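To start, the structure under review is shown below, and the notes come after it.
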Amino acid sequence: MAIEYQSFVKTLRSGLKAEFPPEAKSIEYAKQLDASDELGSLRNNFIIPTKVSLKKKALNGFLPGPMAITSSEETSPSVYFVGNSLGAQPKCIRNYLDTQLETWASLGVNGHFSSLEKSPLTSWQDLAADCAQKSLDLVGAASPTEIIYMNTLTVNLHLMMASFYRPTEKRHKIIAEWKPFPSDSYAIASQIQWHGLSPSTSLIEIQPDPETNYIPTSRILSLISEHGDSTALLLLPGIQYYTGQLFDIPLITRAAHEKGITVGWDLAHAVGNVELSLHAWDVDFAVWCTYKYLNAGPGAIAGVFVHEKHHGPADPDPSYAELGYRHRLAGWYGADKAVRFNMEKEFRPAEGAHGFQVSNPSAIDLASLSGALSVFNKTRMCQLRDKALVLTAYLEWLLEGLLAGNSDKNGQPAFKIITPGNPLERGSQLSLLLKPGSLDKVSKALQEGGVVCDARKPDVIRVAPVPMYCRFEDVWQFIEVFRKAIHL
Ligand SMILES: Cc1ncc(COP(=O)(O)O)c(C=O)c1O
Ligand SMILES: Nc1ccccc1C(=O)C[C@H](N)C(=O)O
């Protein structure tokens, strides 16, 4: 069975649907796709919860179970399709954390300024910058000074808005979408209120098509046109968490800039998932978490991008002329490293995004992120994206096969895929809208069948075969379990 893996990539990269042959329904075909996948061995870098470990109730020591495919119950891996919520654990993180503990135990406070020979980690002082360096390809930054790791996602969203959302009487609105992740909604509304304004007049929400939940780019552009003169900030998710729609970041950014609007992106669901070129796309700022596609662990330290054009005197913000830097909510870790320990009263920020740091970051958190990024550094985002396109298209094709001939007596389909069909308008996630009232039953059946994916009330499951560690065979297994689940 010859598999034209690269021809699928080419088709999907041009925005077309991949046509799989009828035999693609078989497990043998799925295994052939895995055999053709050059990134298949990356899975060996991860610990995938097993069907047995998922049921574990007590701590009984660490069992790093082999990743080999085996029929043994103990080591049979789950179908882990929830990397859009919490990525699987990279095996190396244990070593990175142990290294940090040993450094702390051996060097004590001196670990801030030096590291142990053979350690994969720098001194704690330099660790955030080292993680920035390792993330250039992930976000498409021009230099590590455009990236910093600090705090958590929502906190960074607030810090960025404190700097980049400075409403005036004329320009006070924020353009967002209809259903941001609740934390983003709360952050946006509370920022507007913080400035003594009201979301009823200062928040513009882009509505989707009611039937499909799809947001056409044309609608975003026309709202930018309509509210351009009164809008201070456009803040959108790179990928919408609920539907999985990927927005046209460069086009939307350009259109907003033409109207003088500052543009920020929440890339929680985009980073490590799709290719990004934040510098070239001229994005003003972006924020992301590292516990989803980046696999740095629950609640891990989060990322920020600040475009180079905001680093120096070219920054159009009026506070630059006054302070010598863009206004921010400052703390001592934002001070230039060269003077940070001089304990000066006057704040002199470090270059670029690094100058937005507030506190001494957790070296343990950074060690975990550094380990997670070392796995990304074994490949490139364009290769991961190639695989993601084929993996997601295969999932879609098998799901469409399930839909064919599976309508109920009223002609209603068993489920609907609400993620865009255009491969260029989605990442690794497909969101499935189930029949009303069936979510609990379907979720339970998936769980019992060893599938881990995410349920969003009232009726949606989000299925995310991430390319870093998921296999075509997992997609095939998912379909087997899902087929039974929707027929219960
Ligand atoms: C778009 C988006 N914003 C915010 C959050 C949560 O942010 P935080 O890490 O601050 O809890 C998530 C996921 O948890 C998310 O997907
Ligand atoms: N941080 C979490 C803690 C507990 C449960 C889920 C999360 C998520 O990350 C949800 C994620 N934002 C999502 O889009 O599913």
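Counting starts at 1 for both ligands and their atoms, in listed order. What you are looking at is a predicted structure, and each value in this text was computed from that prediction instead of being measured.
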Original post:
In terms of side-chain geometry, is the basic nitrogen of D98 or R94 positioned less than 4.0 Å from the acidic oxygen of its partner?
Top reply: no
Original post:
Which class fits the ring pair H269 and Y241: parallel under 30°, tilted 30 to 60°, perpendicular over 60°?
Top reply: tilted
**OP:** Identify, by atom number and element, the atoms of ligand 1 in contact range of A268, meaning under 4.0 Å from any of its heavy atoms.
**Re:** 1 (C), 2 (C), 15 (C), 16 (O)
Subject >> Taking atom 13 (C) of ligand 1 as the reference point, the nearest protein heavy atom with its distance >> reply: K292 NZ, 3.1 Å
Original post:
Is the closest side-chain heavy-atom distance between D284 and H310 below 4.5 Å?
Top reply: yes
Subject >> Protein contact of atom 16 (O) of ligand 1 - nearest heavy atom, named by residue and atom, plus distance >> reply: H269 NE2, 2.9 Å
Subject >> Y241, any N or O under 3.5 Å of ligand 2 N or O >> reply: no
Original post:
For atom 11 (C) of ligand 2, which protein heavy atom lies nearest, and how many Å away is it?
Top reply: K292 NZ, 2.6 Å
Original post:
Is any heavy atom of the protein nearer than 4.0 Å to atom 8 (C) of ligand 2?
Top reply: yes
Subject >> Backbone or side-chain N or O of D454 under 3.5 Å from ligand 2 N or O >> reply: no
Original post:
Heavy-atom distance under 4.5 Å between the side chains of L233 and I188, does that happen here?
Top reply: no
Original post:
For atom 10 (C) of ligand 2, which of P237, A464, S85 has the closest heavy atom?
Top reply: S85
Original post:
Against heavy atoms of R456, which atoms of ligand 2 measure under 4.0 Å?
Top reply: 10 (C), 13 (C), 15 (O)
Subject >> Atom CD of E275: over 12 foreign heavy atoms under 6.0 Å >> reply: yes
Original post:
What protein heavy atom is closest to atom 6 (C) of ligand 1, reported as residue, atom name and distance in Å?
Top reply: Y291 OH, 3.5 Å
Subject >> Whether Y242 lies under 4.0 Å from ligand 2, heavy atom >> reply: no
Original post:
Nearest protein heavy atom to atom 5 (C) of ligand 2: under 4.0 Å?
Top reply: no
Original post:
Which residue holds the protein heavy atom closest to atom 15 (O) of ligand 2, what is that atom called, and what is the gap in Å?
Top reply: R462 NH2, 2.4 Å
Original post:
Do S135 and Y149 have side-chain atoms, one donor and one acceptor, less than 3.5 Å apart?
Top reply: yes
Subject >> K444 atom NZ, neighbour heavy-atom count above 12 within 6.0 Å >> reply: no
**OP:** Verify, without hydrogens or angle tests, whether E146 (side chain) and A142 (backbone) share a donor-acceptor contact under 3.5 angstrom.
**Re:** yes
Subject >> N or O contact, N84 vs ligand 2, cut-off under 3.5 Å >> reply: no
Original post:
Do the ring planes of H112 and W124 sit parallel (below 30°), tilted (30 to 60°) or perpendicular (above 60°)?
Top reply: perpendicular
Subject >> Part of Q429 with heavy atoms under 4.0 Å of ligand 2, whether side chain, backbone, both or neither >> reply: neither
Original post:
Where does L153 meet ligand 1, judged by heavy-atom distances below 4.0 Å: at the side chain, the backbone, both, or neither?
Top reply: both
Original post:
Are R456 and Y242 in a cation-pi setup, meaning NZ or CZ lies under 6.0 angstrom from the ring centre and within 45 degrees of the ring axis?
Top reply: no
**OP:** Take the angle between the ring planes of F46 and Y469 and call it parallel below 30°, perpendicular above 60°, tilted in between.
**Re:** tilted
Original post:
Using 30° and 60° as the class limits, which term best fits the ring planes of H307 and F305: parallel, tilted or perpendicular?
Top reply: perpendicular
Original post:
For atom 2 (C) of ligand 2, what is the nearest protein heavy atom, given as residue, atom name and distance?
Top reply: Y291 CE1, 4.7 Å
Original post:
How far is atom 3 (N) of ligand 1 from its nearest protein heavy atom, and which residue and atom is that?
Top reply: D184 OD1, 2.6 Å
Original post:
Identify the closest protein heavy atom to atom 10 (O) of ligand 1: which residue and atom is it, and at what distance?
Top reply: T154 OG1, 2.5 Å
**OP:** Mark whether atom 13 (C) of ligand 2 lies under 4.0 angstrom from at least one protein heavy atom.
**Re:** yes
